[in-house]
Amino acid sequence: MEKPPKPHLIRDFALYPAYLNRSEQEDLVADLRDILKAAPLFQPITPRGQKMSVRMSAAGRFGWISDRSGYRYSPTHPDGTPWPDIPDSILKIWNTVSGCDRMPECCLINWYGEGARMGMHQDRDEADFGAPVLSISLGDDGLFRMGNDTRGGKTESYWLKSGDVVVMGGAARLRYHGVDRIRFGSSTLLPKGGRINLTLRVVS
DNA sequence: AAGTCTCT
DNA sequence: TGGC
C-alpha cells in the first residue's frame, strides 16, 4: 500500500508509467502462464462475423466474450469451463491503485500479436460505471488512443510500455479508446513477443 | 439496440 | 459509417 506515485492525469485518465518493475512483470507473466493453461487464448468473432485480431482469455467470475450472438460477460470460457481465479498479484495492484471498494470480477487478458489492433470502443457492458477500469501493459509497446464520450472529435495517443498501469475512472470511464498499433519485438518480456493487456473490471 | 469491424 |  505504499506504491502509487503521482500519475500523469489527462482528463481523468490516469497513467502510471513504469508502475511495475521488471521482476514484478516477470512474476505476473508466470501467473498468466498458469491461467492460460486452464483457459487458453481464443480469437473472438464480432457479431457481424469478423475475426478480432487480438486473442483473448480471462480470469475471475466473468470473462468478456464476443461471438455471432453478441458481446457479453460470461462465467465460462467458450470451451465451457469456468475461468480461473484472478491471482493475488493482480488483485494487489487493483487494491493499491483503483480507489474502488469493490473487487474486480473480471481480468480480461488480451494478447496482441504482430499487426493486432483494437478498434475504438467504449467499455459499457458493465452494470456499474462508478467502478473504474484498470489496465496493465506487459510486453511490447502499444499505441493507445483516447477519444471522447461519443465517436469522433479530437483524440490523444500514448505509447504504453511494459509495466505501465492506466486507470479510466470518473469522467474518463466511458470514453472511446482503442489500440492503433504494436511495436512488435520492442520488449524482451514475452519470449514469443507481442503485447499483453490485462483489464480489470467490476462487471455486476 | 448495437457494439471492439473495416473503410475513407 | 453501416446495421446482426
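We name chains A, B, ... by the order of the sequence lines, and we start the count at 1 in each one.
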Indicate whether OP1 or OP2 belonging to dT4(B) is found under 4.0 Å from a side-chain N or O atom of Arg151(A).
-> yes

Given dT4(B), is OP1 or OP2 found less than 4.0 Å from the side-chain N or O atoms of Arg48(A)?
-> no

Separation of [X] atom [atom1] from [N] atom [atom2], in whole Å?
X	N	atom1	atom2	result
Ile45(A)	dT6(B)	CD1	C1'	15 Å
Tyr176(A)	dT1(C)	OH	P	12 Å
Gln50(A)	dG2(C)	CD	P	15 Å
Tyr112(A)	dT4(B)	OH	P	14 Å
Arg181(A)	dT6(B)	CZ	C1'	18 Å
Met120(A)	dT1(C)	CE	P	14 Å
Met118(A)	dT6(B)	CE	P	12 Å
Lys51(A)	dT4(B)	NZ	C1'	17 Å

Want to settle it: does Trp64(A) or Arg124(A) sit nearer the 5' end of DNA chain B, counting the closest nucleotide to each?
-> Arg124(A)

Asn21(A) versus Ser23(A), side-chain donor and acceptor atoms under 3.5 Å = yes

More than 12 non-hydrogen atoms from neighbouring residues, nucleotides or ligands closer than 6.0 Å to CG on Asp128(A), yes or no?
-> yes

Mind checking Gly70(A) for me? I need base, sugar-phosphate or nothing, with any heavy atom below 4.0 Å counting as a touch.
-> base

Checking all strands, does Asp125(A) fall into the base, sugar-phosphate, or nothing category for heavy-atom contacts under 4.0 angstrom?
-> base

Is Trp94(A) linked to Ile35(A) within one hydrophobic cluster, defined over Ile, Leu, Val, Met, Phe, Trp and Tyr using a side-chain heavy-atom separation of less than 4.5 Å?
-> yes

Hey, are Glu114(A) and Arg181(A) close enough for a salt bridge, meaning a charged N less than 4.0 Å from a carboxylate O?
-> no

